There are 2 protein chains.
Amino acid sequence: MLTIGKLGQAAGVKVPTIRYYEQIGLLPEAERSAGNQRLYSRKALDRLTFVRHARELGFTLDAIRDLLSLSDHPDQPCAAADAIAKAQLAEIEKRLARLASLKVELNRMVVQCAGGKIADCRVIEVLSDHSLCATDHRHLQDEKDH
Amino acid sequence: MLTIGKLGQAAGVKVPTIRYYEQIGLLPEAERSAGNQRLYSRKALDRLTFVRHARELGFTLDAIRDLLSLSDHPDQPCAAADAIAKAQLAEIEKRLARLASLKVELNRMVVQCAGGKIADCRVIEVLSDHSLCATDHRHLQDEKDH
DNA sequence: TTTAATGTCTCTAGCTACTGTAGCTTCAAG
DNA sequence: CTTGAAGCTACAGTAGCTAGAGACATTAAA
């Protein structure tokens, strides 16, 4: 049995975060020692490690709740888990594309900068460019072009 | 001139969020109509769209403040601006590296999931498996560059 | 065995970046 | 001139933690 500190170390999660997870019902209530301190099993460590990995991959706590309940019922088809992961992947790909173009632009600025002044800064342009925009909010752009 | 609702639609930002941005000084105070309603220009739309995309990329509001001030003073000598740009660039490179490795991981999760049961689901498996845990026990925010 | 250090307990408050609510006013269409 | 959507301010609540206070528990050294 592990105390909360050891568990946190083993899973790479801070102690208050573990208590927080318990509080919001993401982790079950822990057993207590005679002195009222939380005690954790190996299974609890696995569960917490799962949570940490999922957080690192950008899953929300709600998504993780779903994944946990899915993993508690291993006989069902995994379409739901797959969908959650795919949504996450799509999100990351969007971010990668936009970050890459912002990087190019900032790089260009820094290079220009070596010479003295920043002429025609396009940082805002790059990030306000609707062609890179996943969701289409363009319906009012025609109006603004006049 | 756009009202706040039109602006929000055009930029893909909710109306209360725009007011919030003004409140914290990220956006300048808007002009007001005779009836005290906010009015926005095309320039304001660009600025807000920029903010939205930067937020989607994971920049903090403070970082966005810096980027905005960078683009607001393109004629100034570069010394200060250069530092901001370089800092943001370094930040972007860290994010890119991290996102790229997350993408690999998520892809691996999704690929083998087609039609299986949860018992064999890579999504659950990868998140549970400690041996696949490349990161030693560091905090979530820490970078992962090896 | 005493003592000091460290760990854990609960509770509360704070943080960032929003999001929603209540109760009112303004505006544009009919 | 009415009516309904959209605007206003002010304040409360959300996610996902994080930090602090003050008290009790556990452990290792003296």
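All figures in this text were calculated on a predicted structure; none of them were measured in a lab. Chain identifiers are assigned alphabetically (A, B, ...) following the order of the sequence lines, protein sequences preceding nucleic acid strands; residue numbering begins at 1 within each chain.
In this structure D62(A) satisfies the side chain to side chain contact (heavy atoms under 4.5 Å, CB included) test together with T60(A), R65(A), sequence neighbours excluded. Every salt bridge (Lys or Arg N to Asp or Glu O under 4.0 Å) that E93(B) has, sequence neighbours left out, goes to K103(A). The side chain to side chain contact (heavy atoms under 4.5 Å, CB included) search around R19(A) returns I4(A), V15(A), R38(A), not counting sequence neighbours. The side-chain hydrogen bond (donor to acceptor under 3.5 Å, both in side chains) test applied to K86(A) returns D82(A), not counting sequence neighbours.
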Filtered N/O pairs between nucleotides 12-16 of chain C and protein, under 3.5 Å:
none

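Contact annotation: the side chain of L39(B) never approaches that of L2(B) to less than 4.5 Å [non-hydrogen atoms, C-beta and beyond]. No side-chain heavy atom of L7(B) sits under 4.5 Å from any side-chain heavy atom of V13(B). A heavy-atom distance below 4.5 Å is not found between the side chains of Y40(A) and L45(A).
Look at CZ on R52(B): it is 12 Å from P on dC18(C), rounded to the nearest Å. The CD1-C1' distance, from I18(A) to dG7(C), rounds to 13 Å in whole Å. One interatomic measurement links the two molecules: NZ of K14(A) to P of dT8(C), which rounds to 15 Å at whole-angstrom precision. As rounded to whole Å, 11 Å separates atom C1' of dA17(C) from atom CG of L26(B). Rounded to an integer number of Å, the gap from R55(B) CZ to dT19(C) P is 9 Å.
Here Y21(B) reaches the OP1 or OP2 of dC18(C): one of its side-chain N or O atoms lies under 4.0 Å away.
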Practice task
Starting at the 5' end of nucleotides 2-8 of chain D, put B wherever the base has a protein heavy atom under 4.0 Å, S where only the sugar-phosphate does, and a dash everywhere else.
Solution key: -----SS

Problem - Worked verdict on Y20(B) versus L27(B) for side-chain contact (heavy atoms from CB on, under 4.5 Å) - result: CA-CA 9 Å; Y20(B) 168 73; L27(B) 302 179; over 6 Å; no

